[in-house]
Amino acid sequence: MPAKKGSAGSNGSNDTAGAGGNRLVIVESPAKAKTIAGYLGRGYVVESSIGHIRDLPTKAAEIPARYKEESWARLGVNVDHDFEPLYVVNTDKKSHVKKLKDLMAQADELYLATDEDREGEAIAWHLREELKPKIPVKRMVFNEITKDAIQHAASNTRELNLRLVDAQETRRILDRLYGYEVSPVLWKKVMPKLSAGRVQSVATRLVVERERERMAFTAAEYWGLKAVFDALIGSSPDTPSSFPAALVAVDGARVAQGRDFTSDGVLRAPEGLLHLDEEAARALAARLDGADFAVQSVERKPYRRSPYAPFRTTTLQQEASRKLGLSAKQTMQVAQKLYENGYITYMRTDSTTLSASAVAAARDQAARLYGSSYVPDKPRVYASKVKNAQEAHEAIRPAGDSFRTPAETGLRGAEFRLYELIWKRTVASQMKDAVGESVTVRVAGVSSTGERAEFNATGKIITFHGFLKAYVEGSDDPQAELDDRERRLPPVDEGDALKAESLEAEGHSTRPPARYTEASLVKELEEREIGRPSTYASIIGTILDRGYVFKKGSALVPSFLAFAVVQLLERHFGNLVDYDFTAHMEDRLDDIARGDAERVPWLRRFYYGGDGEAGLKELVGDQLGEIDPKEISSFPLPGTDIMVRVGRYGPYLDREGQRVNVPEDLAPDELTKDKAEELFAQPSGDRELGTDPATGRAVVAKNGRFGPYVTEILEEPEAPAATDAKPKTRTKKAAAVKPRTGSLLKSMSLDTVTLEDALKLLSLPRVVGEIDGDEVTAQNGRFGPYLKKGTDSRSLETEEQMFTVTLDEAKEIFAKPKQRGRRAAAPPLRELGEDPETGSPMVIKEGRFGPYVTDGQSNASLRKGDEVESITVERAAELLAERRAKAPVKKAPAKKPAAKKPAAKKAPAKKTTKKT
DNA sequence: CAGTGAGCGAGCTTCCGCTTGACTT
């Protein structure tokens with residue numbers, strides 16, 4: 001499938017659909033458009049939609065003005081009227097949609113050739129809705145991109161399948177309701193900007209559940225014997241003389257191994273099992289020292305292994321991770337490049353099917369490289385293992401009707417290695433099975449006290465390598481035996497005497513289940529039918545971005561934040577994070593696609609409830625009060641009176657009010673009782689800076705609620721003798737002598753702050769002098785540096801001024817009224833001229849929340865995509881108009897906040913109470 | 001998780017699934 005030049009087909013190939021008219025064909029991907037243009041030739045113009053062209057509005061700014069006041073506008077779904085969706089053309093697609101319209105204006109027929117799956121059908125429908133064609137519209141589908149298949153598809157079109165579109169729309173609406181209703185619950189109860197969704201929340205839950213298993217896990221220790229036996233035949237490269245073997249039984253009782261233990265560290269079924277501890281194992285080894293050993297039995301079984309199916313998205317991500325160390329995202333980026341440049345087929349697929357020409361190419365390549373004896377008589381066919389596979393694409397394979405070897409591509413770096421991986425896997429998939437023999441040798445000996453000890457050794461001889469010549473799959477577990485690796489044993493027979501070269505005790509302990517990696521999590525999701533090939537990489541990205549998981553090497557470790565979020569969802573939205581939720585959804589969508597069910601009753605049940613079960617609306621509305629933020633963010637540390645809490649500033653430990661931070665990168669399963677004590681013992685990362693020579697007190701730097709600061713350590717008022725003393729007395733005493741504190745200046749940092757800096761900070765407030773009988777001091781406050789004179793104050797411009805400002809300067813500053821200092825100091829960033837609507841001049845200013853436009857009356861923040869430098873008069877006027885529409889009266893709302901001032905001040909504190 | 005005094009434009013965060021290119025330094 002070499003890329004052809006230009007997007008409009010002009011190659012002189014057969015024109016199957018007849019001469020004359022112009023046909024516009026729209027596919028999803030630009031790369032595909034290029035190829036297909038070449039196959040269709042004259043009379044066809046092939047363009048791409050570049051994925052979906054319309055969607056529900058993402059944020060307020062995208063909601064058309066006439067809907068903004070609707071109660072459901074925030075959702076983009078009219079939940080009051082049959083869940084009717086509101087579609088807008090995505091901002092970044094507007095110009096492209098116009099281009100498609102222009103092309104359509106010159107066409108006589110429109111072919112909607114998007115992928116043949118649920119999403120593809122929907123894209124086709126959206127195209128029809130948005131382009132509003134007045135020319136005939138045909139739906140064209142194909143599963144294979146070859147000239148024959150494409151030409152056949154062009155002359156065998158069908159109608160749009162509106163039921164399939166209905167199913168897609170239902171999926172879309174459900175995901176929106178889930179995501180946009182549940183996320184705000186997290187903002188209120190846990191932390192702003194968090195998110196929940198059908199896929200990401202289950203992915204997070206999987207990672208959290210695995211960590212819980214690890215935390216609940218109790219390791220069991222067990223011992224065995226490892227021996228190396230010598231067959232006394234002399235060794236050659238092909239036939240070793242000695243081989244390793246492990247103790248499996250003593251006097252008929254099987255020796256316990258890792259798999260015999262439960263996750264609680266106890267034996268599953270102790271009868272007939274021998275659990276060796278270190279002492280017993282060493283003693284047995286001693287009693288076997290010098291014993292005679294002989295081969296008790298030799299068991300041979302045929303070994304046969306078939307090649308792996310060609311790559312689909314998830315298997316490619318897994319293997320690229322194991323073998324090339326690429327993340328899911330990196331893999332997809334590299335694959336995208338290979339696809340765009342015509343080296344491989346499409347990389348977001350759940351199909352393992354190869355086209356006939358690809359099968360032929362793979363067989364041909366295998367025969368040329370390894371000989372025809374390596375190629376089976378009949379092509380291999382791979383049925384998809386993925387249950388809800390939509391199979392709109394082929395497997396991922398080298399492009400074209402004959403494959404380029406990696407060397408022939410001229411590729412380099414990651415692109416070369418990924419291509420090579422895909423090429424090998426594809427070629428191997430059409431090769432013969434590997435065959436051989438697996439051998440189990442059992443060796444027995446009698447100890448000095450008459451025990452009969454039996455050892456096992458296993459080997460594998462591959463007599464015909466078949467596909468293994470081309471490709472061996474990697475393993476996630478480095479300890480695991482590679483299934484395909486050859487391991488030879490000496491050619492021994494029953495009764496042969498053996499000499500023990502070495503025999504020693506070996507200790508093991510059971511291991512907790514391994515953490516997920518990106519690749520294994522994606523695999524798990526795919527097996528549970530959650531998520532789609534185009535989203536696997538971004539799901540990982542989302543849960544990383546939200547801080548739900550972090551990476552430790554390649555392992556995905558859940559944060560305590562994830563524990564809190566998952567705990568909330570499990571307790572209050574159990575159905576939504578059920579692992580089968582998506583599977584049930586898919587069943588309903590299939591019903592809808594077949595015409596066996598309607599979407600509205602189903603969505604209504606989901607959103608409004610029924611049959612005695614609460615719907616989503618009630619759960620996020622009336623029942624919201626039942627969610628206790630404190631409880632949801634608290635986890636008792638087993639066996640202690642310590643609580644792990646997730647706060648706004650990260651996780652911390654709480655023991656009767658004593659608090660200490662938990663390092664952000666501490667894995668939850670590493671937070672043991674001992675570790676917690678250790679954290680309490682070295683309080684909160686304080687850094688001792690030295691002693692204040694004036695007071696003899698220690699000065700430390702700490703990180704506090706308001707950022708880094710320095711403080712002094714006061715002597716303990718009393719020895720801890722009076723344990724009965726009421727806290728009140730202590731508070732009183734502490735109130736009498738408060739330690740001096742001071743926030744670090746912006747130029748300082750916690751790591752580098754010196755004693756000298758600290759003493760300077762602790763010297764504040766500085767008395768500047770006296771004005772009109774009032775003492776003037778310079779100090780650092782909540783809003784930065786300022787001067788204080790009685791009840792009056794003025795901000796200072798720089799922190800340095802706190803130490804340098806003179807009395808004369810202070811007089812000057814106090815002579816000016818309060819507000820002006822700030823307001824006049826900020827000149828407009830840009831002047832825009834008159835608002836065409838109101839005639840008042842508009843200027844752009846920099847404010848607390850970033851740049852905004854003001855006409856003196858209304859103010860409106862610039863939105864995403866608006867730039868101070870480039871914003872137009874029209875856009876600014878539009879923003880102001882929007883702002884005016886929202887808050888038309890100026891006085892009433894201005895008064896309210898004023899009256900609420902005390903409440904507003906409490907707001908931050910209130911938030912904290914909610915949380916803590 | 002330290003503790004101190006203003007007066008000011010609020011507005012937005014978020015879902016899943018399709019698919020790339022557009023900016024500037």
Side-chain angles (χ1 to χ4, degrees), chain A residues 28-32 48-53 55-56 58-61 74-76 92-93 95-96 114-115 117-120 122-123 126 168 171-172 174-184 186-187 192-201 336 340 348 531-535 538-539 542 546 647-650 652 654 659-661 683-684 702-707 709-711 738-743 765 779-784 786-788 791-795 818-819 821-823 845 847-850 852-854 858-861 863-864 867 883 886-887 897-898 901 912 916:
Chain A
E28 286 181 40
S29 139
K32 204 190 244 186
S48 66
S49 71
I50 326 181
H52 273 291
I53 56 155
D55 193 10
L56 305 175
T58 307
K59 47 183 190 244
R74 180 181 64 83
L75 297 170
D92 54 336
K93 289 290 171 58
S95 63
H96 192 68
T114 49
D115 296 347
D117 57 16
R118 200 161 64 205
E119 296 295 329
I123 293 173
H126 278 300
Q168 188 277 344
R171 197 276 309 153
R172 181 68 191 91
L174 180 124
D175 281 333
R176 168 53 65 92
L177 294 176
Y178 186 145
Y180 274 38
E181 289 286 30
V182 180
S183 298
L186 300 181
W187 305 343
K193 296 198 176 184
L194 296 180
S195 62
R198 176 173 56 83
V199 175
Q200 60 168 287
S201 294
Q336 175 84 31
E340 283 171 14
R348 289 184 278 263
R532 303 280 312 135
S534 65
T535 62
S538 62
I539 292 162
T542 299
R546 297 285 172 274
R648 228 149 256 259
Y649 317 102
Y652 62 96
D654 188 330
R659 289 168 170 179
V660 58
N661 280 330
S684 61
K702 296 175 133 185
N703 216 344
R705 254 191 310 165
F706 314 119
Y709 68 104
V710 293
T711 187
K738 262 189 183 169
R740 292 174 298 161
T741 61
S743 285
Q779 52 205 299
N780 208 1
R782 192 177 165 205
F783 312 112
Y786 69 105
L787 290 174
K788 185 176 174 181
T791 53
D792 202 5
S793 68
R794 294 286 186 281
S795 287
K818 213 172 218 176
Q819 276 185 357
R822 281 255 157 136
R823 278 225 151 177
K845 288 186 173 181
R848 262 199 305 160
F849 311 116
Y852 66 101
V853 57
T854 176
S858 307
N859 309 297
S861 285
R863 306 275 170 75
K864 248 182 212 169
E867 297 293 337
R883 180 78 193 94
K886 212 161 218 178
K901 201 81 198 196
T912 344
T916 36

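Lettering follows sequence order; numbering is per chain, from 1.
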How is [X] classified with respect to the nucleic acid when contacts are heavy atoms under 4.0 Å: base, sugar-phosphate, or nothing?
{"X": "A:G197", "answer": "sugar-phosphate"}
{"X": "A:Q779", "answer": "nothing"}
{"X": "A:S743", "answer": "base"}
{"X": "A:S183", "answer": "base"}
{"X": "A:A196", "answer": "sugar-phosphate"}
{"X": "A:I539", "answer": "nothing"}

If only side-chain N and O atoms of [X] are considered, is one of them under 4.0 Å from the OP1 or OP2 phosphate oxygen of [N]?
{"X": "A:R532", "N": "B:dC18", "result": "yes"}
{"X": "A:K59", "N": "B:dC12", "result": "no"}
{"X": "A:R546", "N": "B:dT13", "result": "no"}
{"X": "A:T535", "N": "B:dC16", "result": "no"}
{"X": "A:R348", "N": "B:dT19", "result": "yes"}

Legend entry - Dot-bracket summary - DNA chain B, pairs being Watson-Crick or G-U whose distances fall under 3.5 Å, with | when paired to another strand: .........................
Inset, instruction - Among B:dT19, B:dG21, B:dC1, find the nucleotide with the atom closest to the side chain of A:N661. - result: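 So the nucleotide nearest the side chain must be B:dC1.
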Legend entry - Spacing of A:D117 atom CG relative to B:dC18 atom P, expressed in whole Å: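 Between P of B:dC18 and CG of A:D117: 6 Å.
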Inset, instruction - List in chain and number order the residues that pass salt bridge (charged side-chain N to carboxylate O under 4.0 Å, His left out) with A:E28, two or more places apart in sequence or in another chain; answer none if no residue qualifies. - result: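 Partners of A:E28 under the salt bridge (charged side-chain N to carboxylate O under 4.0 Å, His left out) test: none.
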Determine whether the aromatic ring of [X] stacks with the base of [N], defined as ring centroids separated by less than 5.5 Å and ring planes inclined by less than 30°.
{"X": "A:Y180", "N": "B:dT14", "result": "yes"}
{"X": "A:Y786", "N": "B:dG5", "result": "yes"}
{"X": "A:Y852", "N": "B:dA10", "result": "no"}

